[in-house]
Participant: 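Let me give you the structure first, and then I'll get to my questions.
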Amino acid sequence: MTTDKKIMLSESEIPRQWYNIQADMPNKLSPPLHPATKKPIGPEDLAPIFPMELIKQEVSQERWIDIPEEVVEKYKIWRPTPLIRAYQLEKALDTPAKIYYKYEGASPAGSHKANTSIPQAYYNKMAGIKRLATETGAGQWGSALSLACSFYGLECTVYMVKISYGQKPYRRSFMQTYGAEVIASPSDRTQAGRNVLAVNPDSLGSLGLAISEAVEDAAGRADTNYALGSVLNHVILHQTVIGLEAKKQLAMAGDYPDVIIGACGGGSNFAGIAFPFLMDRFAGQAVRLLAVEPTACPTLTRGVFAYDYGDLGKLTPIVKMYTLGHNFMPSGIHAGGLRYHGESPLVSQLYHDGFIEAQAYDQREIFEAALTFAKTEGIIPAPESAHAIRGAIVEALKAKEVGKSSTILFSLSGHGHFDMAAYDTYLTGDTKDVPFNDEDLRTNLAYLPQV
C-alpha cells in the first residue's frame, strides 16, 4: 500500500470510453415527455437544439461509449487529474479514517465541467453548428463551455444567474477572456426573461430561468444549439471519467472506498465520481454513495419524485426526477451551482431505488468545513465542492466515534479562487443560514404538470 500524497496516472491511462449506467441500472428511466403534447419525445424533438451524436448518447443502453480521439487529446491538457490522500485533514480530525479526494479543480476552467464541455463543443462543431447558448449558476459551467468554444472556434453566449453575476464579477471576466458573451439572467433578451422581470424587476434569477433563456435563444437561431452543464444523461456520461480514473488510482494505492461523496446540484459531479463504483455495487460490492446538497435547495432530501419541467419557462422536456417544483426560486446562497430545482433523472431514479443516500447542510457548516480543508490541505474549495468536504468530515468523525477505520473518497469538484467574496462574507460573520420554506414548497408542487 502506497504512502504517496498524490496518486497519478499517465496520459496513456486516460479512459478511452465513458461508462453508461443506463446499461446496468435495475429500473430504467421513465420516458421524457414533450412539454407541449406530454407525449414521449423522440430524436426529432431534440434535433433543433442538440447534435445527433449527443441525442444518441442521451438514449443509449450500451455500457461503454467510445471517447473520440480528438476529445482525448483535449483531455490531456489537464487529465488525468490527481487523486490525493488528505493526510493533514485526517490528522486534524484525529480520525482513523483514510480520506482521498479527486481534484477536478486542476482543469483550465477550474472545475469538473470541462469533462463535458469539450465533447459537447466537439460534437456540435462536427455537426456544423456555429454558436452555443447556455446557462450558468456559479459560473463554472459557463467558464468551461467558453473555454471549449474557444478551442473549436464556436461563438458562446452565457446566461448567468443574476445573483452570481453580481457576486462573481471575475467569473464574467474569465468567460469573456475566452470570447464568450455573458448576460445576467433574467434579461430582456428573451420572452422568458421579460416575463419574470415584468413580475419582479429585482429577481435574483435561478438556474431554471437561465435554462429557459438559453433554450429560447438556441431555438430561435438555425446556427445555434443549446448546451447544458448537468442533469442530462449525456452530461452524466461524460463525467464518468472522474470515477473511472479514481478506481485505477485507488487500486494503485491498494485501497477501495467504503463511502463515496459528491456535492449534488443537477447531479453531474456526484454521478461522475460515484457511478463507476455503483457498477461494482450492482455486482455485489459493498459501497455507499452519498450526495450532499444545501438545505436552502434540498432537492433530494425534501423534493418529490415526479414528472416536472427542467426549466421555469416550460421549454424543456418533462422528466421524472426529484424536484422542488419548476417555479422554485432558491435563496441567493453562495453555492450558486447547487441552486437548481430538479435533479438528474439518473441520480433521481437510483436514489429512489435506494442505491444512493443524500444529506443536506447549512451554509455556515459548509464554510466551516471549507476553512478546515484549506488550512490543512492548502486548497481553497469552491462553495459547491465544500459540501462534499463537509460530508467527508462528518463520515470521518463517525469513524473516530466508533473507533473503526473506513476509506472515504470525495470529489473536490473545483477551486474557490473566484469565490473569495463569499469567503469574505463568512469571515466577517455575515453569512446566514437560509431556512427552507415548506409553504413555498407546497405552493410550487401544486404547479407540477399533470401527466
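The residues of the chain are indexed from 1 along the displayed sequence. What you see is a predicted model; the values in this text were computed from it and never measured.
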Participant: Hey, is the main chain of Ile21 close enough, under 3.5 Å, to the side chain of Asp24 for a donor-acceptor pair?
Facilitator: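 Not a single qualifying donor-acceptor pair exists.
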Participant: Tell me if a side-chain donor or acceptor on Lys113 pairs with a main-chain N or O of Gly229 at a distance below 3.5 Å.
Facilitator: yes
Participant: Treating Asn269 as the side-chain partner and Ser413 as the backbone partner, does any N or O pair qualify as donor plus acceptor under 3.5 Å?
Facilitator: no
Participant: For Tyr152, does the six-membered ring have the charged nitrogen or CZ of Lys74 within the cation-pi criterion, i.e. under 6.0 angstrom from the centroid and within 45° of the normal?
Facilitator: yes
Participant: Apply ring pair (Phe, Tyr, Trp, His ring centres under 6.0 Å) to Tyr322 and list each qualifying residue two or more places apart in sequence or on a separate chain.
Facilitator: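 So Tyr322 forms a ring pair (Phe, Tyr, Trp, His ring centres under 6.0 Å) with Phe305, Tyr351.
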Participant: Pairs in or reaching into residues 441-451: which pass side-chain hydrogen bond (donor to acceptor under 3.5 Å, both in side chains), with residues at least two apart or in two chains?
Facilitator: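 Listed by first then second residue: Glu439-Arg442.
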Participant: A cation-pi test, strictly: NZ or CZ of Arg364 under 6.0 Å from the centre of the six-membered ring of Tyr426 and no more than 45 degrees from its axis. Yes or no?
Facilitator: no
Participant: Centroid-to-centroid, Phe328 to His341, below 6.0 Å?
Facilitator: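 Judged by ring-centre distance (under 6.0 Å), Phe328 and His341 do not meet the cut-off.
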Participant: Which pairs pass side-chain hydrogen bond (donor to acceptor under 3.5 Å, both in side chains) with one or both residues in residues 175-184, sequence neighbours excluded?
Facilitator: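 Listed once each, the pairs are Thr157-Glu181, Glu181-Arg189.
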Participant: Tell me if the aromatic rings of Tyr423 and Phe367 count as close, with their centers under 6.0 Å from one another.
Facilitator: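 For Tyr423 and Phe367, the ring centres are under 6.0 Å apart.
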Participant: Assess, by modelled atom type and distance only, whether the side chains of Tyr226 and Glu135 contain a donor and an acceptor separated by less than 3.5 Å.
Facilitator: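 Yes.
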Participant: Looking at Thr316 and Pro35, what are the two nearest heavy atoms and their distance?
Facilitator: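 Heavy atoms only, the tightest pair is O-CB, 3.4 Å.
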Participant: With a 4.5 Å heavy-atom cut-off, do Ile129 and Tyr123 have their side chains touching?
Facilitator: no
Participant: Taking all non-hydrogen atoms of both residues, which atom of Pro15 and which atom of Val72 are closest, and how far apart?
Facilitator: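 What the structure gives for the nearest pair is O-CG2, 4.4 Å.
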Participant: Against Tyr19, only a single residue in Phe275, Trp64, Phe277 fulfils ring pair (Phe, Tyr, Trp, His ring centres under 6.0 Å); can you say which?
Facilitator: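 That would be Trp64.
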Participant: Show the nearest heavy-atom pair for residues Ala214 and Ala133, with the distance to one decimal.
Facilitator: O-CB, 3.7 Å
Participant: Measure from the side-chain N and O atoms of Ser185 to the backbone N and O of Ser187, and report whether any donor-acceptor pair falls under 3.5 Å.
Facilitator: no
Participant: Using modelled atom types only, decide if a donor and an acceptor are shared between the side chain of Thr295 and the backbone of Ala360 within a distance under 3.5 Å.
Facilitator: no
Participant: Side chain of Ser212, backbone of Leu312: donor and acceptor closer than 3.5 Å?
Facilitator: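 Between the backbone of Leu312 and the side chain of Ser212 there is a qualifying donor-acceptor contact (under 3.5 Å).
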Participant: Can you see which heavy atom on Leu209 is nearest to which on Pro186, and at what distance?
Facilitator: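 Nearest pair, atom of Leu209 first, then Pro186: CD2-CB, 3.5 Å.
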Participant: Over all heavy atoms of both residues, which pair between Val241 and Tyr75 is shortest? Give the atoms and the distance, please.
Facilitator: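 So the minimum-distance heavy-atom pair works out to CG1-CE1, 3.9 Å.
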Participant: Can you name the closest pair of heavy atoms from Thr431 and Ala422 and give their distance?
Facilitator: OG1-O, 4.4 Å
Participant: Would you please indicate if the ring centroids of Phe373 and Tyr101 are separated by under 6.0 Å?
Facilitator: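 Ring-ring flag for Phe373/Tyr101: true, centres closer than 6.0 Å.
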Participant: Just by modelled atom types, is the Glu216 backbone N or O under 3.5 Å from a matching donor or acceptor in the Thr190 side chain?
Facilitator: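 Answer holds: no.
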Participant: Do Asn233 and Leu29 have side-chain heavy atoms sitting under 4.5 Å apart?
Facilitator: yes
Participant: Would you say the side-chain atoms of Asn437 pair up with the backbone N or O of Asp440, donor to acceptor, closer than 3.5 Å?
Facilitator: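 Yes: the side chain of Asn437 pairs with the backbone of Asp440.
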Participant: Look at the side chain of Thr376 and the backbone N and O of Thr372, then say whether any donor-acceptor pair between them is shorter than 3.5 Å.
Facilitator: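 Pair found, side chain donor or acceptor close to backbone of Thr372.
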Participant: For the backbone of Thr301 and the side chain of Glu293, can you confirm whether one donor and one acceptor N or O come within less than 3.5 Å of each other?
Facilitator: yes
